[in-house]
Amino acid sequence: MDHFMKRAIELAINNVKDGGQPFGAVLVKDQDIIAEGVNELHKVHDVSGHAEMLAIRRAQEQLQTNDLAGFTIYASGEPCPMCLTAMYFAGIDKVYYCQSIDDAFNAGLGKSKMIYEDLKNAREDRGLNMVQIPLNRNQSNPMKLWKENV
């Protein structure tokens with residue numbers, strides 16, 4: 001097993017021993033570990049405190065960039081939809097994971113599987129009710145303003 005994956009699993013095991021969930025992540029560039037993370041939900045009560053999200057945040061802060069093209073992430077578990085989306089936004093090139101969403105579901109960690117399934121549904125059929133409220137005519141358009149300023 002790759003030493004980066006071994007490190008991600010070690011982080012996950014240590015996190016479980018600390019009272020957290022079994023997730024660890026290692027963000028790598030040019031065969032160097034740039035940042036690591038574990039799920040910190042049990043410490044900070046922040047639903048975005050996932051291992052992969054924290055590794056990405058730490059790398060971006062350390063390097064002062066939003067662009068992580070050329071980076072690879074090693075995760076003890078298959079990334080949830082939120083973490084996967086962050087990887088897309090950050091431009092991460094490759095993800096290696098050890099245990100699957102189904103493994104997590106079978107361990108009693110079922111939200112990721114439920115979200116992946118729900119995202120397959122049409123917007124109006126999803127479990128989270130989303131309602132668009134269009135801009136009214138008197139409001140400035142923030143998207144138009146941004147486009148004019150880039």
Side-chain angles (χ1 to χ4, degrees), residues 1-133 142-143 145-147 149-150:
M1 182 182 296
D2 185 283
H3 69 282
F4 297 126
M5 185 59 76
K6 283 183 183 175
R7 178 63 182 151
I9 293 167
E10 177 185 328
L11 289 167
I13 289 169
N14 289 339
N15 200 45
V16 170
K17 290 177 181 176
D18 189 40
Q21 294 181 347
F23 301 105
V26 177
L27 190 58
V28 175
K29 171 91 181 221
D30 300 326
Q31 297 300 303
D32 291 321
I33 295 176
I34 305 302
E36 298 179 337
V38 297
N39 274 39
E40 295 184 0
L41 303 174
H42 64 296
K43 291 181 179 180
V44 297
H45 306 290
D46 174 1
V47 296
S48 70
H50 288 200
E52 301 92 334
M53 296 288 288
L54 294 174
I56 290 167
R57 284 183 194 145
R58 290 172 181 148
Q60 289 178 327
E61 184 176 347
Q62 173 189 334
L63 302 171
Q64 292 295 290
T65 184
N66 292 324
D67 183 6
L68 298 180
F71 286 70
T72 300
I73 200 158
Y74 293 79
S76 63
E78 184 174 356
C80 76
M82 174 182 63
C83 293
L84 183 63
T85 301
M87 291 174 206
Y88 274 106
F89 276 114
I92 291 172
D93 293 335
K94 194 163 202 171
V95 179
Y96 293 98
Y97 66 91
C98 187
Q99 295 189 282
S100 70
I101 292 291
D102 288 329
D103 294 329
F105 179 81
N106 292 333
L109 300 161
K111 284 194 178 181
S112 291
K113 185 172 183 172
M114 181 273 300
I115 294 168
Y116 271 120
E117 291 298 319
D118 200 41
L119 287 172
K120 293 177 187 177
N121 295 326
R123 187 177 293 127
E124 62 274 4
D125 295 331
R126 292 183 188 153
L128 180 61
N129 189 10
M130 294 176 53
V131 179
Q132 182 179 13
I133 301 174
M143 299 266 183
L145 180 63
W146 180 84
K147 186 175 180 180
N149 288 301
V150 285

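We use all heavy atoms of the structure for the numbers below, so side chains are in, but hydrogens, waters and symmetry mates are not.
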Who are the side-chain contact (heavy atoms from CB on, under 4.5 Å) partners of [X], not counting sequence neighbours?
X	value
Asp67	Thr65, Ala69
Lys111	none
Leu54	Glu40, Arg57, Arg58
Tyr116	Pro81, Leu84, Ile101

Query raised in the report: Sequence neighbours excluded, which residues qualify as salt bridge (charged side-chain N to carboxylate O under 4.0 Å, His left out) partners of Glu78?
Result: none

How many angstroms lie between [atom1] in [X] and [atom2] in [Y], if you round to the nearest 0.5 Å?
X	Y	atom1	atom2	value
Met53	Cys80	CE	SG	7.5 Å
Ile33	Tyr74	CD1	OH	9.5 Å
Met82	Ser112	CE	OG	8.0 Å
Arg126	Leu119	CZ	CG	5.5 Å

Can you confirm whether [X] sits close enough to [Y] that some side-chain heavy atom of one is under 4.5 Å from a side-chain heavy atom of the other?
X	Y	answer
Gln31	Phe4	yes
Cys83	Ile73	no
Asn14	Val38	no

Which pairs, with at least one residue in [range] and sequence neighbours excluded, count as a salt bridge (Lys or Arg N to Asp or Glu O under 4.0 Å)?
range	answer
residues 14-23	Asp18-Lys43
residues 19-39	Arg7-Glu36
residues 95-110	Asp102-Lys113

For the side chain of [X] and the backbone of [Y], is there at least one donor-acceptor N/O pair under 3.5 Å apart?
X	Y	result
Thr72	Val28	no
Gln60	Asn66	yes
Asn15	Pro22	no
Asn39	Gly20	no

Requested in this report: Scan residues 10-60 for pairs that pass ring-ring contact (aromatic ring centres under 6.0 Å, His included), counting only residues two or more places apart or in two chains.
Outcome: none

Which atom pair, heavy atoms only, marks the closest approach of [X] to [Y]?
X	Y	answer
Ala35	Ala55	CB-O, 3.3 Å
Ile56	Ala86	CD1-CB, 4.1 Å
Ala12	Gly24	CB-N, 3.6 Å
Ile34	Leu63	CG2-CD1, 4.0 Å

Report task. Could you pull out all residues at least two apart from Phe71 that satisfy ring-ring contact (aromatic ring centres under 6.0 Å, His included)? Result -> none

**Report entry** Partners meeting side chain to side chain donor-acceptor pair (under 3.5 Å) with Asn121 (sequence neighbours left out)
**Finding:** Asp118

Taking only distance into account, with no hydrogens and no angle test, what donor-acceptor pairs under 3.5 Å do side-chain atoms of residues 87-98 form with protein atoms, sequence neighbours excluded?
unit_1: Asp93; atom_1: OD2; unit_2: Gly70; atom_2: N; d: 2.6
unit_1: Lys94; atom_1: NZ; unit_2: Tyr96; atom_2: OH; d: 3.3

**Report entry** Atom CD of Glu124: over 12 foreign heavy atoms under 6.0 Å
**Finding:** yes

